[in-house]
Asks: 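Below you will find the structure I want to go over with you.
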Amino acid sequence: MSANDAVVSARGISKTFGKAGVTALQDIELDVGQGEFISLIGPSGCGKSTLLRVIGDLVEPSSGDILVNGKTARRARLDRDYGMVFQAAVLYDWRTVAKNIALPLELMGFDRSMRAARVRELMHLVELEGFDKHYPWQLSGGMQQRVAIARALSFSPALLLMDEPFGALDEMTRERMNLELLRIWSEIGSTVIFVTHSISEAVFLSTRVVVMSARPGRITSIVPIDLPHPRTFETREDPRFFELVTEVREALHASGADAVEPDA
Amino acid sequence: MRSRIGSAAVRAATLLLVLAGLWALWEGYRKLWESTGWTRPFPVNATTLPHLHDIVGALFDPIREGEPLLARYMIDAALFTAKEAAVGFAIGATVGFLLGALIARFGVLQRGVMPYVVASQTIPILALAPIVVVGLGSVSIAGWTPKDWMRVSVIAAYLTFFPVTVNTVRGLRSADPAAVELMQSYAAREWSVFWKLRVPAAMPYLFSAFKVAATASVVGAVIGELPSSIQDGLGGWIINFNQYYALEPENLWAVNLVAAALGISFFLVVVLVEKLVVHRPPERLV
């Protein structure tokens, strides 16, 4: 893949924080192709969230170049090329579910009827029909995260940046959300970059898993995931799934992720 | 629905119980001090501590033979003071919010302006009121001179703006950093971040301030009436009844009762508006 048709192309990205010069990222090289589902995995403090924020132009790299859709990250952000989903749903308590989903559309100047039509489509996509008049705090954690995903998808961004979106959910809900996310991904065909610290989640979801190490944050290996699509509950019982989980785990260990370290 | 009626009944019963308790305390205190002859902290008699029924009764006596009941005059006076206080509240809340928004936005102002905002509240309002009332008396804008009661509103506004400023600063800064990041990811303009995120996030803080400010505006209006020799409001009646306290002490208590009721009404209006405007998980209502 050449850098030209890459959705994201990172060259020599480094990021140091503060006067003490803590190196969060060092010499990151990464190309993400159209329609890929990329997971960033690594121990806490490996800079995976920072890398996601650099791609989204929420954090400026100390050095290196980054192109998103062939543009600078800043330009891509101003062009609203990506949707962001955080670990917390970050819904606005004072807005109904429908109005939360419509928030980006409001900011982008869509008129009322277009917003309403789009919200209806998205409520259907994330299977929350009938909850449009509810307030966020009346929903379960999984439903809140579905609202956050619908909001990120509302303006059909080419790129979806997700920072441990299911990290706060219980295992059962999380696996269900994984399946739903894959269904949505296959329906909309956008590119996803997904931060997680769950090995099985990364393997289950991704087309490639990017393994990172801490101090300094570097990419140590990239594991292609050749599990067939569509993935189902049975995928997790496939012997190939276990092989890949093992491969990613060994890559993490080789990168020193099992060394004793304080929480970052 | 039934439980809502039930809880309203419980609340009404609680209110009656509290009122009965206060009545019992007041009258019990009188009885005990009168029967024992205790003189500390002060001797109890009809002048120092009138019977509650005399105080309420005073409202339903004509102030002089052949004239209307005191309550009639009290209603007019309360409405007059309410007008001053409401205008003062509106001015104070607006100025307070704008000042708070500027301070929240421009960090430099925090150190540059906030000390003066705090200092403004350390000046005794009684010392300031005559200056404002007399000083503004000579002001005229394009031939228009503010009416006397408007000057009183300025005093009320002076007491109102402070809590609003302080809570506006806190409230506007209370927005979740992740929510701010989210707005950045939409490339939202600062103006949109302000109106669609910061202001709604500040609402619980603002309404806490409005509750304090609502009662303060009534106090400000009453005090503002004193040096401006306005006779139409509760402040005028307080001065008047002060002079006749030895003769008719229950009249002064009665005005105080009316002033308190006015303050409580202002407070309740804010509570009501908050219920209509702010949609929050119930436990997060401040």
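Chain letters run A, B, ... following the sequence lines, proteins first, then strands; residues in each count from 1. Not measured: the values here are computed from a predicted model.
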Asks: Evaluate the side chain to side chain contact (heavy atoms under 4.5 Å, CB included) criterion for residues A/Y92 and B/L197: first the C-alpha distance (whole Å), next the side-chain angles of each, then the deciding distance (0.1 Å), finally the verdict.
Replies: CA-CA 8 Å; A/Y92 292 1; B/L197 172 59; 3.6 Å; yes
Asks: Would the number of heavy atoms belonging to other residues, nucleotides or ligands and lying under 6.0 Å from CG of A/D65 be above 12?
Replies: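 No, CG of A/D65 has 12 or fewer neighbouring heavy atoms, counting only those of other groups under 6.0 Å.
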Asks: Would you find more than 12 non-hydrogen atoms of other residues, nucleotides or ligands less than 6.0 Å from A/K99 atom NZ?
Replies: no
Asks: Got a sec: does the CD of A/E127 have more than 12 other heavy atoms crowding it under 6.0 Å?
Replies: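 Check passes, neighbour count above 12.
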Asks: Please flag which part of B/A175 lies under 4.5 Å from any non-hydrogen atom of chain A: side chain, backbone, both or neither.
Replies: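 Contact with chain A involves no heavy atom of B/A175 at all.
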Asks: Between B/S185, B/S192, B/A201, which residue shows the highest count of heavy-atom pairs closer than 4.5 Å to chain A?
Replies: B/S185
Asks: Taking side chain as C-beta onward, heavy atoms only, is A/L107 less than 4.5 Å from B/R189?
Replies: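 Contact flag for A/L107/B/R189 side chains = no.
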Asks: Counting only non-hydrogen atoms closer than 4.5 Å, does A/L161 touch chain B with its backbone (N, CA, C, O), its side chain (CB onward), both, or neither?
Replies: neither
Asks: Chain B contacts: which residues in residues 81-90 of chain A have a non-hydrogen atom closer than 4.5 Å to it?
Replies: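 A/Y82, A/M84, A/F86, A/V90 fall under the 4.5 Å cut-off.
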Asks: Is atom CD of B/E190 surrounded by more than 12 heavy atoms (other residues, nucleotides or ligands) closer than 6.0 Å?
Replies: no
Asks: Give a yes or no on whether the backbone of B/Y186 and the side-chain of A/R77 come within a donor-acceptor separation of less than 3.5 Å.
Replies: no
Asks: Any side-chain heavy-atom pair from A/D57 and B/Q184 closer than 4.5 angstrom?
Replies: no
Asks: Near B/R170 CZ, under 6.0 Å, is it more than 12 heavy atoms from other residues, nucleotides or ligands?
Replies: no
